[in-house]
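In what follows, a single structure is set out as structure tokens and then discussed.
Since we're looking at a predicted model, the values are computed, not measured. Each chain gets a letter, A, B and so on, in the order the sequences are listed, and its residues count up from 1.
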Amino acid sequence: MSDNKLKKWAPEMDICIRCGYCLEQCPVFDATGWETDSPRGKVIIAHALLNGQIEPSSEIAKKFYQCVSCKDCMARCSANVPVYEIINSARSFLVKLGLIDQTHKSVIDKVIESGNIFGQELEPDKQDGDFTLYIGCQYLSRMNLVKKYIKVLERIGLKPRIKEEICCGYPIKSLGFDDEIENYHNRFQEIFPEKDIVTLCPTCAVFLKEEYGKNVKHITQVLAENLPECESDISVTYHDPCDLSRGLGIIDEPRQILEKLGVELIEMPRNRESSYCCGGGGGLLMSDVGLSDKIARERMLEAASTGADYLVTPCPTCEKVLKTSYMSLKSDGIKTIPVRNLIQIIEKVLKNYY
Amino acid sequence: MSDLILKRLQEIVGVENVVSDPLSKIVYGSDSSVHSSPADYIVRPLYIEHIQQVLKFANSKRIPVVPRGSGSGMSGHAVPIDGGIVLDMKQMNKIVEINPENLYCRVQPGVIDDRLNEKLAKHKLFYPPAPASSNIATIGGEISTNASGIRSVKYGATRDYVLGLKVVLANGDLVNLGTVTPVESSGYQIHRLIVGSEGTLAVIVEATLKLIPIPKFRCLGICSFKRLSDAGDSISAIISAGLRPSMLELMDNIAIKAVNSSLDLGLPDVEAIIFFEADGMVKEEVDYQIDGIEDRCLANHGFSLETSYDPKQRAKLYLGRKKLFPSLSRYKDGYVCTSLADDMGIPYTKMAECAEMIHKISNKYGLIMSAYGHCGSGCMHTKILFDPNDEYKWLDAENAVEEIYSYVREIGGTTSAEHGVALSKAQAFKEEKKDSLELMRSIKKAFDPNGILNPHKLQDAPSRWIDATAIRYGKENFR
């Protein structure tokens with residue numbers, strides 16, 4: 001077991017004092033209530049795995065995939081234990097041992113074969129422009145939203161360059177397929193050799209920065225700088241995507257956009273860097289849809305408590321997961337509020353100005 | 001047999017509330033101490049009746065039962081040294097009643113301290129004995145250890161706030177103890193004995209807690225010292241002058257460096273600092289306290305004295321103290337932060353000497369030890385930092401711990417001020433309380449004749465902490 005990636009983190013597992021501060025707002029622990037599912041629990045399991053106290057098994061693999069990668073645990077850890085890296089290394093260690101979830105394998109195959117997570121032919125309308133706009137799989141499957149983003153950008157005088165697209169590779173890495181990501185890396189760089197990239201998807205933004213060392217700007221940063229001042233009678237609550245808030249520290253810009261639009265913002269109790277995950281991160285949507293939905297419901301109930309007209313978010317995954325939860329809450333007769341992509345609110349307000 | 005036990009537990013609390021898989025056994029066999037010992041079954045009771053039935057069954061089969069809150073204890077309270085059933089109490093987390101007129105509330109044991117205080121704040125009330133871990137610590141766990149925290153200097157410890165308890169005894173009987181009134185003279189106050197009993201006498205299923213109005217004004221101050229002894233003398237002078245700070249904390253240079261490096265707070269890099277706070281319903285009262293504290297600090301060579309009524313500034317400085325324990329983990333590469341001799345009760349006049357003694361002992365054994373704590377309430381914390389993969393350092397740590405406790409007993413202090421004894425401190429505790437150990441064992445026997453409740457803790461714990469259980473660090477167990 002000496003050549004496994006997990007071993008690198010052995011000292012960090014000792015650094016963890018097991019204080020349990022990471023239990024405070026872990027969405028998975030909240031949903032199941034079992035400490036075995038908590039960040040501390042996963043670090044203890046990784047430690048036991050490394051020391052040979054337990055043998056690798058599909059049950060252990062399942063446990064490590066029960067994580068939304070929201071990094072709330074790390075934000076609360078003043079010992080700065082890299083829980084996210086430990087969990088991802090455990091995933092890759094188990095994948096190397098052949099403990100592979102077939103759903104994950106199928107998604108990875110699709111990314112490698114088709115260039116996107118859906119295994120479909122998804123190609124944007126290419127156009128030349130002043131900066132590269134990277135769309136990403138989730139938005140690529142919803143080109144109606146992408147067209148709205150491009151339209152708004154062009155209305156404020158910005159011309160994005162749209163190129164041939166392939167997945168950034170985040171699913172390959174986050175699901176633990178390390179060998180595959182090494183090969184994929186070059187393929188992506190050939191299409192996107194440029195250093196400066198604007199992204200639509202928060203998860204792609206983090207991954208392009210951390211994996212490829214790109215200078216990434218998220219679309220909300222671009223829009224916050226350039227949108228005009230408007231008036232509106234809409235009220236929203238803003239859901240911070242984990243990758244944008246804790247991942248990149250992009251917290252004020254989306255709020256600046258809402259302020260410029262004249263939209264009333266009613267914050268949820270858990271907001272900004274303490275935002276609560278939608279339940280769709282870290283591959284949980286693939287690994288355990290029931291658990292993912294339970295987390296999403298919790299977030300939607302929190303959103304409903306604000307009494308805002310809409311929950312708004314710039315992340316396509318959060319949007320999708322929360323919309324599904326909205327439908328399920330509605331069909332159960334539980335009070336909730338509709339979910340909108342940020343661009344839909346922008347477009348709605350700007351419509352009166354252009 | 002084990003299948004039959006599992007089946008019976010599932011019948012009592014439902015299949016979804018019992019686990020016995022290898023991963024859960026390990027996870028629930030650990031807490032924030034150095035100890036590790038696997039559980040056999042983890043049971044999540046939802047109702048008092050569940051606990052009664054589980055205990056009745058366990059008692060009849062002589063199965064150990066270890067109640068557990070969030071597992072943030074530092075001495076091994078929740079570590080099931082003999083295996084058996086871990087009772088995970090976190091699902092019993094309802095606030096049963098808040099009674100603002102009579103200044104009390106009733107809560108289930110799994111309620112998290114901070115969550116309770118959030119609810120109480122709506123009534124302009126608070127429950128004061130918050131430990132640094134109040135963001136995750138359960139009320140049940142706090143009662144079991146008689147926990148206290150940074151405001152204990154003014155507000156005291158958990159025992160001062162527990163008016164009554166509902167507990168389930170080892171045989172499954174439910175007993176009501178105490179009352180809801182602030183004073184009571186009705187015979188033995190058994191609820192006060194349950195406080196701090198570390199789950200060895202009964203399982204707490206509900207608590208009636210005294211509440212205090214939230215002060216309208218709070219002012220936080222910080223003062224630097226070139227010498228640790230001056231900081232210690234300031235604390236002694238503040239208390240002996242009859243002042244009533246709501247916080248009086250000492251941090252030595254190791255603690256300062258750890259917090260600065262982990263949280264980037266920019267605290268002054270001096271030999272020691274004191275954090276102090278005063279609170280009250282009128283500003284004049286707070287100013288009086290702050291002026292008095294400042295005078296004592298300056299008279300003892302304190303400098304760079306700053307105070308602030310600003311909640312944001314106070315919150316930032318408070319964060320440094322709140323997260324000090326985890327921050328110490330990052331003090332030196334390759335070292336870990338262990339809780340061994342970590343919360344001694346010290347007479348005020350010996351604070352400075354004790355802090356210096358801690359550093360002297362750590363130097364002698366080539367360890368790193370920080371001296372900090374709620375010195376205003378006589379609580380001196382230390383953590384022992386060393387390379388956990390060095391077998392000899394564990395032995396050095398054991399010797400250092402023994403020397404520290406020997407010194408503490410010599411000056412009239414006590415083994416544990418607020419974290420409890422469990423396994424890590426049992427050796428020193430038994431030495432300190434040797435006159436009353438048999439009495440304690442008789443009390444334990446009266447409550448729990450078969451010894452199923454958190455067995456082999458406190459007076460019944462193994463003599464040496466180092467081989468009481470497996471040690472959680474590294475690959476080797478240095479038994």
Query - Neighbour count >12 (heavy atoms, 6.0 Å) for atom NZ, A:Lys96 - result: yes

> Does CD belonging to A:Glu85 count more than 12 external heavy atoms closer than 6.0 Å?
Replying inline: yes

Less than 4.5 Å apart, side chain to side chain, heavy atoms only: is that true for [X] and [Y]?
| X | Y | answer |
| --- | --- | --- |
| B:Tyr473 | A:Met13 | no |
| B:Val27 | A:Ile45 | yes |
| B:Arg115 | A:Glu24 | yes |
| A:Trp34 | B:Lys90 | no |
| A:Glu59 | B:Asp21 | no |

Among [options], which residue forms the greatest number of heavy-atom pairs with chain A at distances under 4.5 Å?
| options | result |
| --- | --- |
| B:Ser72, B:Ser327, B:Ala137 | B:Ser327 |
| B:Ala258, B:Gly334, B:Ser70 | B:Ser70 |
| B:Ser339, B:Pro22, B:Ser133 | B:Ser133 |

So, the part of A:Lys42 with a heavy atom under 4.5 Å from chain B: the answer is neither

If one checks every heavy atom of A:Ala10 against chain B at 4.5 Å, the contacting part turns out to be neither

Heavy-atom donor-acceptor pair, B:Ser329 side chain to A:Ile15 backbone, under 3.5 Å:
yes

| Does the pair B:Lys25/A:Glu35 count as a salt bridge with the N-to-O cut at 4.0 Å? | no

Residues of residues 29-39 of chain B with a heavy atom under 4.5 Å from any heavy atom of chain A, in residue-number order, are B:Ser30, B:Asp31, B:Ser32

